[in-house]
Protein chains: 2
Amino acid sequence: MANDPARVTRAQKRWQTESRILVAAREGFARSGYERTTIRAVAEAAQVDPGLVMHYFNSKKELFLKATAVSDDETVSDASPDVAEALLASLTDRLVTEPTASLALLRSMLTHEEAREGVRRVTADQLEQISRSIDSDDAELRGSLLSATILGVILGRHLLELDGLKDAPPQEIIDLLRPVVRGLAAADRDPGNRGS
Amino acid sequence: MANDPARVTRAQKRWQTESRILVAAREGFARSGYERTTIRAVAEAAQVDPGLVMHYFNSKKELFLKATAVSDDETVSDASPDVAEALLASLTDRLVTEPTASLALLRSMLTHEEAREGVRRVTADQLEQISRSIDSDDAELRGSLLSATILGVILGRHLLELDGLKDAPPQEIIDLLRPVVRGLAAADRDPGNRGS
DNA sequence: CAGCTCGGTCAACGGCTGTAGAATCAAGGT
DNA sequence: ACCTTGATTCTACAGCCGTTGACCGAGCTG
């Protein structure tokens, strides 16, 4: 038999409500942080009973982890010949697109240990790639400074909403940041060094 | 025999316990953020009854404001001829000294509206001075990028504790950051793209 | 059709929170 | 001396939190 259009299978409905909850949770965490986002509020926003949230995700912590699970597109693509440009491209992306997911992590990182670990993990990934491509003995420091700078920019724009930064066109930001990133990423060697 | 050395006047004792509470509160907010720091915990750390905390400071919010009150030494000295060096000097200071006070504000800023306002106020102060001394029409953006960068570095070091940043000697950080700060603070009119 | 599964609801519990107010007791002025 | 002031404590309340377990009813399977 063909599928009745009005008919939704159980699995479909499950998936729908589950992702509705996840979206609501992500928005909550992004707007209010971990502690202030209550399961009851998430449930209400998702038009579900609070008990159901617990039924699907077993605890608030698990809900948080699922809601803020870092998708792979967050990490810098590794096959880039130029770290600086790759970073800037990634930053451009993060300046333009809806920052809800990132915000959820960032806003919770200061109070919630797990969240901090999450941010640190993403950053560490980024950091390692940067360090590896910087051929210098202070590569690690340079890398972390790069990560910190980018973190600061995103925080200042989306969270602190600094005057002049929150509304600035991404391209302008990138242009100003390019020499900064290049300067930090440039080991005092020849650029474009590839190798195994 | 007006003054017995072993004798503490009432006002003295009051001041002592009050500042003991403030210290405990500051440490609590710095370590755990606003929501997670309970009045009971602060009271215990200060070896006082929770009720007393309420009696002195009238609410948790007031306690927070008093505990994180920004002292004037946080703001950049105004009469500096060189903004870049002034910023770097201020940053050096913040890299070396005990960051408890700053951390209390920073850690709470993401979840607590008042705290965010506090950070924004301090930053805005800094920003205005920077902007004024940069002679360019994108001065505001440059200024906020500077603030954001510094914010990111402090966050990355004290809060996120990024590898390679948390233990790095301040001088090394400053040296790496000097061209960055100079570059952003320098109003070279030409946005020109350095050759590809 | 019967029986099991499972999405979804409801009511409740125990714990923790900020806060209020009465009670206690030593200090200090008169 | 008395009586006031003020530092400090005790007890308690009301509300919100995460979490639980019983329950209902519609889909699925045999």
Side-chain angles (χ1 to χ4, degrees), chain A residues 1-25 28-29 31-67 108 111-115, chain B residues 1-25 28-29 31-67 108 111-115:
Chain A
M1 295 287 197
N3 275 350
D4 190 327
R7 174 93 159 231
V8 272
T9 139
R10 206 130 73 156
Q12 284 175 329
K13 195 134 179 60
R14 158 82 188 233
W15 190 86
Q16 284 174 2
T17 49
E18 197 170 308
S19 52
R20 234 167 50 229
I21 295 177
L22 278 178
V23 167
F29 289 136
R31 195 179 330 106
S32 319
Y34 184 82
E35 341 280 345
R36 293 212 158 178
T37 302
T38 71
I39 289 196
R40 282 172 166 85
V42 168
E44 191 180 8
Q47 294 171 301
V48 213
D49 188 272
L52 192 63
V53 179
M54 294 298 295
H55 200 328
Y56 286 169
F57 316 87
N58 299 310
S59 67
K60 188 181 180 182
K61 194 184 296 191
E62 273 191 45
L63 171 64
F64 177 79
L65 289 180
K66 291 276 169 61
S108 308
T111 56
H112 202 57
E113 183 57 40
E114 314 253 357
Chain B
M1 45 196 65
N3 272 346
D4 191 325
R7 173 92 156 234
V8 273
T9 139
R10 204 127 74 155
Q12 286 175 326
K13 193 132 180 60
R14 157 83 189 234
W15 189 86
Q16 283 175 2
T17 49
E18 196 170 309
S19 51
R20 233 168 50 231
I21 294 177
L22 278 179
V23 167
F29 289 136
R31 197 179 328 108
S32 318
Y34 184 83
E35 343 280 345
R36 292 212 158 176
T37 301
T38 71
I39 288 196
R40 283 171 168 85
V42 169
E44 191 181 7
Q47 293 171 302
V48 208
D49 187 274
L52 193 62
V53 179
M54 292 297 295
H55 199 293
Y56 286 168
F57 316 85
N58 298 310
S59 68
K60 188 183 179 181
K61 193 183 295 190
E62 273 192 45
L63 171 65
F64 177 79
L65 290 180
K66 291 276 169 62
S108 307
T111 56
H112 202 56
E113 184 57 39
E114 315 253 358

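Residue numbers begin at 1 in each chain, while the letters A, B, ... track the order of the sequences.
Put simply, NZ on B/K66 and CD1 on B/I21 are 11.5 Å apart, with the number rounded to the nearest 0.5 Å. B/I39 contributes atom CD1, which lies 11.0 Å from atom CG of B/L52 (distance to the nearest 0.5 angstrom). The structure places CD of A/Q47 at 11.5 Å from OG1 of A/T17, a figure rounded to the nearest 0.5 Å. A/K61 NZ to A/E113 CD: the interatomic distance, rounded to the nearest 0.5 Å, is 9.5 Å.
Dashed line: the shortest gap from a side-chain N or O of A/Y56 to OP1 or OP2 of C/dG8 is under 4.0 Å. Using a 4.0 Å cut-off, no side-chain N or O of A/T9 falls inside it from OP1 or OP2 of D/dG27.
Rounded to an integer number of Å, the gap from CG of B/L52 to C1' of D/dT8 is 6 Å. Rounded to whole Å, the distance from CD on B/E35 to P on D/dG18 is 12 Å. Per the geometry, CD belonging to A/Q12 stands 17 Å off P belonging to C/dC6, to the nearest Å. In this structure, CZ of A/R36 is placed 13 Å from C1' of D/dC16, rounded to the nearest angstrom. Atom pair A/R20:CZ and C/dG8:C1' shows a separation of 11 Å (rounding to whole Å applied). For B/E44 and C/dC16, the CD to C1' distance is 14 Å, given to the nearest whole Å. The distance between atom OH of B/Y34 and atom P of C/dT17, rounded to the nearest whole Å, is 13 Å. Regarding B/L63, its CG atom lies at a distance of 12 Å from the C1' atom of C/dG18, rounded to whole Å.
Of the charged side-chain nitrogens involved, at least one lies within less than 4.0 Å of a carboxylate oxygen, so that B/R14 and B/E18 count as a salt-bridged pair.
Between A/F64 and A/F29, the ring-plane angle classifies as perpendicular under the 30° and 60° cut-offs.
Partner of A/P50 under the side-chain contact (heavy atoms from CB on, under 4.5 Å) criterion, chosen from A/R40, A/E44, A/H55: A/R40.
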For nucleotides 19-25 of chain D, tabulate all protein N/O to nucleotide N/O atom pairs closer than 3.5 Å, reporting atom names and distance.
| from | atom 1 | to | atom 2 | distance (Å) |
| --- | --- | --- | --- | --- |
| D/dT19 | OP2 | A/K60 | N | 2.8 |

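Considering only side-chain atoms of A/T17, the nucleotide from C/dG8, C/dG7, C/dG18 that sits closest is C/dG8.
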